[in-house]
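To keep things clear, I will list the structure first and then write my remarks on it.
The analysis underlying the following values was restricted to heavy atoms, covering all of them including side chains, and did not include hydrogens, waters or symmetry mates.
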Amino acid sequence: MTDILPKKNEEYGTKEYWDQRYSQESDDSSFDWFKSYSDIAEIIRELVPDKSSRILMLGCGNSTLSQDMYDDGYKNIVNTDYSGILIEKMRHKHAESRPEMEWHEMDIRELKFEDNSFDVAIDKGTMDAMMTAKADVWDPPEGVVQNCNREVDEVLRVLRKGGIFVYLTFGQPHFRRRYLDRPGTTLEIRKLGEAFHYYLYIVRT
């Protein structure tokens with residue numbers, strides 16, 4: 001694992017790093033930022049009671065979140081990641097066991113989906129990867145601000161009225177609220193964990 005860790009944290013925000021990492025990892029490798037699905041399953045079931053909901057996974061990586069949700073009955077999951085290498089691996093890995101899942105090479109800052117086409121969007125650590133530039137956390141670089149705003153703009157564009165955006169992160173509210181507090185939406189924040197806290201941001205359209 002150590003040979004595929006980035007030399008600098010900023011590399012987590014580059015497509016080149018992830019392409020290289022996924023090309024080196026075995027096809028059955030998986031990695032989950034923060035919580036696994038078993039840790040948040042009850043919350044997901046509460047927030048998304050209709051298991052036929054169309055769900056957009058933003059920066060899916062090789063996390064087991066999508067497959068675990070699929071196996072829990074959420075069959076209508078559309079996975080996106082900007083690493084084409086990863087997407088091909090995941091498409092092949094799940095083709096037989098989870099045939100209804102979709103896999104698309106796509107940048108979350110420029111989604112190719114129609115307006116009002118999803119009920120749910122989920123980000124588990126993807127926005128965080130865009131925040132790894134060296135800088136004052138209280139005053140992030142303009143590029144970081146633009147990237148995070150573009151993600152949220154795109155998510156709100158593709159969500160249907162009454163949809164929800166679920167974002168799981170270790171980022172505290174004073175660092176994340178600026179991107180998520182949008183006109184015409186409501187924002188709920190839940191703190192998870194005991195010794196080390198995670199935060200679940202829920203934006204309702």
Side-chain angles (χ1 to χ4, degrees), residues 1-2 4-5 12 18 21-22 24-83 86-104 106 108 118-132 151-152 155 159 163-173 175-176 180 187-204:
M1 182 69 177
T2 55
I4 58 174
L5 291 176
Y12 280 123
W18 291 108
R21 173 169 173 162
Y22 292 134
Q24 294 175 15
E25 289 184 336
S26 64
D27 289 351
D28 60 354
S29 292
S30 66
F31 179 78
D32 270 288
W33 298 98
F34 321 132
K35 302 285 189 178
S36 66
Y37 180 59
S38 61
D39 296 318
I40 58 172
E42 286 191 19
I43 297 173
I44 294 296
R45 293 179 196 130
E46 171 208 336
L47 296 175
V48 191
D50 182 359
K51 292 194 173 181
S52 68
S53 298
R54 191 170 191 230
I55 299 170
L56 174 61
M57 204 66 70
L58 299 152
C60 60
N62 57 9
S63 164
T64 63
L65 177 61
S66 292
Q67 71 181 53
D68 291 341
M69 287 185 65
Y70 186 98
D71 294 346
D72 193 30
Y74 295 98
K75 305 296 187 188
N76 196 0
I77 298 176
V78 178
N79 297 281
T80 63
D81 199 284
Y82 68 177
S83 171
L86 177 279
I87 288 294
E88 282 305 313
K89 282 189 172 188
M90 296 297 278
R91 184 181 287 132
H92 180 264
K93 177 179 180 179
H94 296 288
E96 292 187 11
S97 57
R98 301 173 182 89
E100 294 165 83
M101 277 210 289
E102 295 181 29
W103 303 91
H104 298 275
M106 200 174 297
I108 59 173
F118 288 91
D119 303 297
V120 181
I122 298 176
D123 177 328
K124 189 158 80 75
T126 301
M127 188 186 295
D128 296 46
M130 297 192 294
M131 297 183 181
T132 52
E151 176 190 353
V152 178
V155 168
L159 280 179
I164 62 169
F165 175 30
V166 179
Y167 171 38
L168 181 64
T169 173
F170 61 82
Q172 297 175 344
F175 299 125
R176 298 296 190 268
L180 301 167
L187 174 62
E188 177 187 354
I189 303 171
R190 301 187 189 182
K191 186 162 66 173
L192 310 177
E194 300 297 332
F196 188 85
H197 291 130
Y198 297 91
Y199 295 86
L200 192 71
Y201 297 84
I202 304 153
V203 181
R204 293 181 172 87

Output the distance between atom [atom1] ([X]) and atom [atom2] ([Y]), rounded to the nearest 0.5 Å.
{"X": "Y82", "Y": "T126", "atom1": "OH", "atom2": "OG1", "value": "9.5 Å"}
{"X": "I108", "Y": "M127", "atom1": "CD1", "atom2": "CE", "value": "7.0 Å"}
{"X": "W103", "Y": "K93", "atom1": "CH2", "atom2": "NZ", "value": "8.5 Å"}
{"X": "R176", "Y": "Y201", "atom1": "CZ", "atom2": "OH", "value": "6.5 Å"}
{"X": "N76", "Y": "E102", "atom1": "CG", "atom2": "CD", "value": "7.5 Å"}
{"X": "C60", "Y": "L65", "atom1": "SG", "atom2": "CG", "value": "9.5 Å"}

Do we get K51 above Y74's six-membered ring, with its NZ or CZ under 6.0 Å from the centre and within 45° of the axis?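 Yes, a cation-pi geometry.
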
Is it the case that K75 places NZ or CZ above or below the six-membered ring of Y70, under 6.0 angstrom from the centre and within 45 degrees of the axis?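 Yes - K75 lies over the ring of Y70, closer than 6.0 Å to its centre and within 45° of its axis.
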
Non-hydrogen atoms of [X] and [Y] that approach each other most closely:
{"X": "M90", "Y": "S63", "value": "CE-O, 4.1 Å"}
{"X": "T80", "Y": "I87", "value": "C-CD1, 4.3 Å"}
{"X": "Y199", "Y": "P173", "value": "CE2-CD, 3.7 Å"}
{"X": "L192", "Y": "I40", "value": "CD1-CG2, 4.4 Å"}
{"X": "A121", "Y": "V155", "value": "CB-CG1, 3.8 Å"}
{"X": "M101", "Y": "N79", "value": "SD-ND2, 3.5 Å"}

Any chance you could lay out the side chain to side chain contact (heavy atoms under 4.5 Å, CB included) test for Q67 and N62, step after step, and finish with the verdict? CA-CA 10 Å; Q67 71 181 53; N62 57 9; over 6 Å; no

Is there a donor-acceptor contact under 3.5 Å from the side chain of D123 to the main chain of Y167?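 A pair under 3.5 Å: no.
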
N/O donor-acceptor pair under 3.5 Å between D39 side chain and S36 backbone: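 Between the backbone of S36 and the side chain of D39 there is a qualifying donor-acceptor contact (under 3.5 Å).
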
Audit row: E88, R91, salt bridge (Lys or Arg N to Asp or Glu O under 4.0 Å) steps and yes/no: CA-CA 5 Å; E88 282 305 313; R91 184 181 287 132; 2.3 Å; yes

R190 vs E46, test: salt bridge (Lys or Arg N to Asp or Glu O under 4.0 Å). Steps then yes/no. CA-CA 13 Å; R190 301 187 189 182; E46 171 208 336; 2.7 Å; yes

Before giving the answer on side chain to side chain contact (heavy atoms under 4.5 Å, CB included), spell out for K124 and Y37 the whole-Å C-alpha distance, their side-chain angles and the decisive distance to 0.1 Å. CA-CA 11 Å; K124 189 158 80 75; Y37 180 59; over 6 Å; no

Could you pull out all residues at least two apart from F118 that satisfy ring pair (Phe, Tyr, Trp, His ring centres under 6.0 Å)?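 So F118 forms a ring pair (Phe, Tyr, Trp, His ring centres under 6.0 Å) with F113.
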
With L47, which of V120, I122, V166 fulfils side-chain contact (heavy atoms from CB on, under 4.5 Å)?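 Between L47 and the candidates, side-chain contact (heavy atoms from CB on, under 4.5 Å) is satisfied uniquely by V166.
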
